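The structure presented is a predicted model; accordingly, all values stated were derived computationally and were not measured. Protein chains get the first letters and strands the later ones, always in sequence-line order, with residue 1 at the start of each.
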Amino acid sequence: MENGLISVDRWAKGSSAYFLTHLHSDHTIGLSSSWSYAPLFCSRLTAKLLPFKFPDFDLSLVRILDTGSWHTLSPSPAFPATLHVFAIDACHCPGSIMLVFRGEFGCRLYTGDFRWEPSCEKARKAREMLVDVVKDDVVDVVYLDNTYSNPIYDFPSRQLAANRIIDIISSHPDHDIIIGINTLGKEDLLLQIARALKIKIWVWPERLQTMHLLGFHDIFTTNTTLTRVRAVPQYSFSIDTLEALNTMRPTIGIMPSALPWVKKSLQKGELLSGSFLTSRFKRGRMSENGVQIDKQIGNTGPLDKFHEYIYSVPYSDHSNFAEIEDFIRLVHPATLKGIVSSSSCYIEPMYYFGRLCRVNQPIRRQLHNMHKRVEAVSPKISFGGDNVKSERNKGKNLKGKFLGVRVSKLSIYRRRQRGVKIVEDNSLDQD
DNA sequence: GCGATCAGTT
DNA sequence: CACAACTGATCGC
């Protein structure tokens, strides 16, 4: 397999520069404390958090990409090309960025994981920044966070979901509250809860350290006697946990996640015809006045009750279908590639968004026609993880058949790694 | 011990 | 069932 000049969220040897969009573990497969192949570019906040995840990481490799300005890598023995890169807040988790690259290969945008809601001020600013960056150029390729690039995925803004969660908590004034979170992300949700209910929030000790690194000093605590709201690792959040807790004190759990809600719709057989939840949230989104709608949503019945003690609220850090569509319309790239391909609901992004691309239109470069396209002798860039099924998996599947075990077709495609390889058109390396 | 991969969990 | 994100077991070195 070819290695490119640069890699994004991909940590195999062979590139001259590596880019990290954010610190979730599905984007750091292959990265470790002892990794040292080449300089690593990331946001300031990611750089700050990096040693916490990888304690002995060689920090002399780290290069900060502040958002809002171009950074240039000039030719040198270590980096044999000129590359311009621009980082923009992806609003996915603290430190997350999307990246615009300009080089011999043209202009390419790697979204990383992102959520840009129209109602989010930070996202609006990021969006303006992107408009400014690409306004005089054509984006040749968008590498897209296509996690939910299927119209069946429709869920409300994080603001609406947060309000729903706050309502659930305030309607259980005598209950302890457990909220499942991961090692990074959903801080805004917890902040809003703390602010709205004027309470502190318990987190586990490592998470408190993260909160301190993120600059939150007075909101979180590791002292259970100071608050009835606790954010716990999602991994330790289960029906059993909640049932055990309820033998001690009345406790409810809240799962801030988009998917159980999809599941619920599926169970009701309403998914394909448009679920009641979908239409409910659509009404909310179409309204001009978000605040009033918040209350409407918040006051609706226990539609998100998942279990006797558990509520599931569709709080997602990935863009929903409508937001992705809006994003593609905005960027209007020549073509698109998904960075996730393991989903059973996966549909080639061009299927839905191809009409928003320029593939069938004349591509006219304007100001930044920096170069002619050189016939690539070899791929110049290789981004992200590859999403090609491995020989090993194929073998495993065959074995399954041989033993008469019914192996899910999906298992062949199971890939946890995120990201994509970027190579020159028509020069895809074969595995 | 380390990294890579697989299996399994919410 | 699925998803993203994570933990833990296992294998090879």
From the set [options], return the single nucleotide nearest to any side-chain atom of [X].
| X | options | answer |
| --- | --- | --- |
| A:S34 | B:dC2, B:dT9, C:dC3 | B:dC2 |
| A:D113 | C:dA5, C:dA4, B:dG3 | C:dA5 |
| A:D26 | B:dG3, C:dA5, C:dC3 | C:dA5 |
| A:S25 | C:dA5, C:dC3, B:dG3 | C:dA5 |

Legend entry - With sequence neighbours excluded, residues passing side-chain contact (heavy atoms from CB on, under 4.5 Å) with A:A162: A:L189, A:Q192, A:Y315

Answer yes or no: does a side-chain N or O of [X] lie under 4.0 Å from OP1 or OP2 of [N]?
| X | N | result |
| --- | --- | --- |
| A:T147 | C:dC3 | no |
| A:T183 | C:dC6 | yes |
| A:H27 | C:dC6 | no |
| A:H92 | C:dA5 | yes |

Inset, instruction - Sequence neighbours left out, what passes salt bridge (Lys or Arg N to Asp or Glu O under 4.0 Å) with A:E117? Give chain and number order. - result: A:R115, A:R158

Inset, instruction - Please work out whether the ring planes of A:F54 and A:F57 are parallel, tilted or perpendicular, with thresholds of 30° and 60°. - result: tilted

Legend entry - Nearest-angstrom distance from the residue atom CZ of A:R115 to C1' of C:dA5: 17 Å

Legend entry - Proximity of A:W35 and A:Y18 rings by center, below 6.0 Å: yes

